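I have placed the structure first, in the form of structure tokens, so that the comments after it can refer back to it.
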Amino acid sequence: MATSDHHSPVDFIRAKILADQEAQRFGQRVHTRFPPEPNGHLHIGHAKSICLNFGIAREFGGLCNLRLDDTNPTKEHLNYVQSIQEDVRWLGFDWDDRLYFASDYFEALYQSAVRLIQKGKAYVDSLTAEEIRSYRGTLTTPGMESPYRDRSLDESLDLFARMRGGDFEDGAHVLRAKIDMASPNINMRDPALYRIRKATHYRTGDAWCIYPTYDFAHPLSDAFEGITHSLCTLEFEDHRPLYDWVMRECEVSCHSQQIEFARLNLAHTVMSKRKLLQLVEEGQVQGWDDPRMPTIKGLRRRGYTPEAIRNFCERVGVAKRDSVIEMGLLEHAIREDLNRSAPRVMAVLHPLKVIIENYPEGQTEDVEAVNNPEDESQGTRQLSFSREIYIEQDDFRENPPKKFFRLSPGQEVRLRYAYIIRCIGVEKDAHTGMISAIRCTFDPESKRGGTQSARKVKGTIHWVSIPHAVPAEVRLYETLLLSSSSSGVDCEPQDSQPVLNPQSLQVLPMCWVEPGLRSVAIGSRFQFERQGYFCLDPDSSAEKLVFNRTVPLRDSWAKIEKP
RNA sequence: UGGGGGAUCGUCUAGGGGCAAGACAUUAGAUUUUGGUUCUAAGAACCCAGGUUCGAUUCCUGGUCCCCCAGCCA
């Protein structure tokens, strides 16, 4: 029985499953599957499907299988199988011992095909691919029957056996379902069931040279596994009559219900494997795990948590309408998670030197900083303070605009967890005229515990002590695309090149961070106070820290400044 | 111009013959040693036209627009 947790409204799929249970369909059993083809890495679109399939199984007390849909040897590789398992697990889902491969069903599939021929429901066609295409007709005109359509059962049986035996070259023959060449649904115009592919399959090697198509293998795989609800994306709606035809004609014991939903599209990125592969191959990104990529591996490296992704998928919902989700929703999900979990830390990305004139030279003192105001259990840490510090360039303005609450000549600002300082001068480079340092004085009583600690100033800024700071490289990311992808569908024949965002990666080679960050684990996530959430990139070494910005903090000042 | 789907705030998603709900985003205010968080408030939508009806966004009819299908890909 469904646990309607989160009072979230029931989507149309869950509603249908509920109805099936009430009608005692499938004996109230709920069994789903996530069936990726191992021809690429998983992305956030797959995450939606994963959350849906595994989520429904869990909610209804059912099961969800992981199935690799590996019926095309020319595209699939073992390393993707590994990667897929890793990503599904990372997302927090478990298929127990139910890892299946369509390729494990090749013999059973073959036997089903033979029975279809024996029933007169399939035949070996010897037309070329081009001929088949022209016989198929068009969207508006019916197709024509192949001259081989009525060849004898025995001849088809013999040919099919010899196809399997390797007697023919690729493309010489194909096994077709015998349905209706005049069907208004082109998928029903005698679709191919088996084709010859003399290619080595990553799992079955050269054991086979004929391979079943998706339309034949998928319904039967579902049936073999006792899948009750077979969830897929909208473009397969047209295939459902064929899915049902295969189920019926093969007389399976479990006739699964195919249900289609709209795939996930995210604004300002691409989601098709083909386009993602193109980005990788053209070197537009570093690889499949480039933090700009919408792949699970990319998001993970970027600093996203599984929890945030799951949460995002839940908020996105499930429906049949084509939609494009704004990045803001994804960003909200990760901020929400990291706000309560990520330790705060101070880091200066665009350093500007500040000299505190009335602070004794050579003196150092510790100030206490809160690790996470949202979580007292994370405690506090000591930070070293000294006469020379770095602040953010943005936190000083020689000619401050209205409502600028930070440092400017004559004005005061609070240094986070430390003193209030006042700007008393600006040093400029003699040649360039650029500001090279700020001169300040501090109020010795303004630190926490001091007599002036409660004194209010408009702004509080972050800082690092120059003698104590550790250098780091920081990588800032923006969306991959300037334009929004219109369609996530994999195979548009001709479609305009997406406009890549030239600012998608900005590297800041000379930043300064708190010394405590020197020894944190790869992947650790932090909030750089007032800036955003960052995580330590695997490119980091003992000599060089590299941080990725997962997402910036919301910034209402930026909105005030440039409307 | 065949067939299959779809159309509700800027974006997602509910709902349903009788005040159109939530989330994100936006705006305003309060709190705040993060211009963060949190809290409060506000603005913001039923594709169009007829019909049925006391009443239609919902039902009916006819349009319009969008997406998918002519792989031996999935």
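Not measured: the values here are computed from a predicted model.
With a cut-off of 3.5 Å on both Watson-Crick or G-U wobble distances, the partner of C9(B) is given as none. In this structure, C39(B) forms a base pair with G29(B), meeting either the Watson-Crick or the G-U wobble geometry with both donor-acceptor distances under 3.5 Å.
A distance of about 16 Å separates the P atoms of C39(B) and U31(B), rounded to the whole Å.
Remark: Arg136(A) is in phosphate contact with G71(B), judged by side-chain N or O atoms under 4.0 Å from OP1 or OP2. The shortest distance between the side-chain N/O atoms of Thr213(A) and the OP1/OP2 oxygens of C73(B) is not below 4.0 Å. An OP1 or OP2 oxygen of U33(B) is reached within less than 4.0 angstrom by a side-chain nitrogen or oxygen of Lys456(A). Here Arg176(A) does not reach the OP1 or OP2 of C72(B): none of its side-chain N or O atoms lies under 4.0 Å away. Neither OP1 nor OP2 of G35(B) sits under 4.0 Å from any side-chain N or O of Thr460(A). Side-chain N/O atoms of Arg195(A) include one lying less than 4.0 angstrom from OP1 or OP2 on A74(B).
Proximity of the aromatic rings of Tyr533(A) and Phe528(A) is defined here by a centroid distance below 6.0 angstrom, and this criterion is not met.
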Output one letter per nucleotide in nucleotides 25-31 of chain B: B when a protein non-hydrogen atom lies under 4.0 Å from the base, S when only the sugar-phosphate is that close, - when neither is. -SS----

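A74(B) atom P lies 20 Å from atom NZ of Lys275(A), rounded to whole Å. Atom pair Met327(A):CE and A23(B):P shows a separation of 23 Å (rounding to whole Å applied). One interatomic measurement links the two molecules: CD of Glu235(A) to C1' of G71(B), which rounds to 14 Å at whole-angstrom precision. Asn265(A) has its CG atom 16 Å from the C1' atom of U13(B), to the nearest Å. In this structure, the CD atom of Gln258(A) is 13 Å from the C1' atom of G5(B), given to the nearest Å. Taking atom CD on Glu374(A) and atom C1' on G36(B), their separation rounds to 9 Å, with Å as the unit. Atom P of nucleotide A74(B) and atom OH of Tyr80(A) are separated by 16 Å, given to the nearest angstrom. The NZ-C1' distance, from Lys273(A) to C73(B), rounds to 11 Å in whole Å.
No donor-acceptor contact under 3.5 Å links the side chain of Glu260(A) to the base of G6(B). Counting distance only, with no hydrogens placed and no angle test, the side-chain atoms of Arg530(A) and the base atoms of U34(B) include no donor-acceptor pair under 3.5 Å.
In this structure, Thr32(A) contributes its side chain and Asn53(A) its backbone to a donor-acceptor pair below 3.5 Å.
Between atom CZ of residue Phe261(A) and atom CG of residue Leu52(A) there is a gap of 5.0 Å, rounded to the nearest 0.5 Å.
In terms of position on RNA chain B, the residue among Phe405(A) and Leu127(A) whose nearest nucleotide sits closer to the 5' end is Phe405(A). Between Glu76(A) and Asp322(A), the residue anchored closer to the 5' end of RNA chain B is Asp322(A), taking for each the nucleotide with the nearest heavy atom.
Ring stacking holds between Trp557(A) and G35(B), with the centres under 5.5 Å apart and the planes within 30 degrees of each other.
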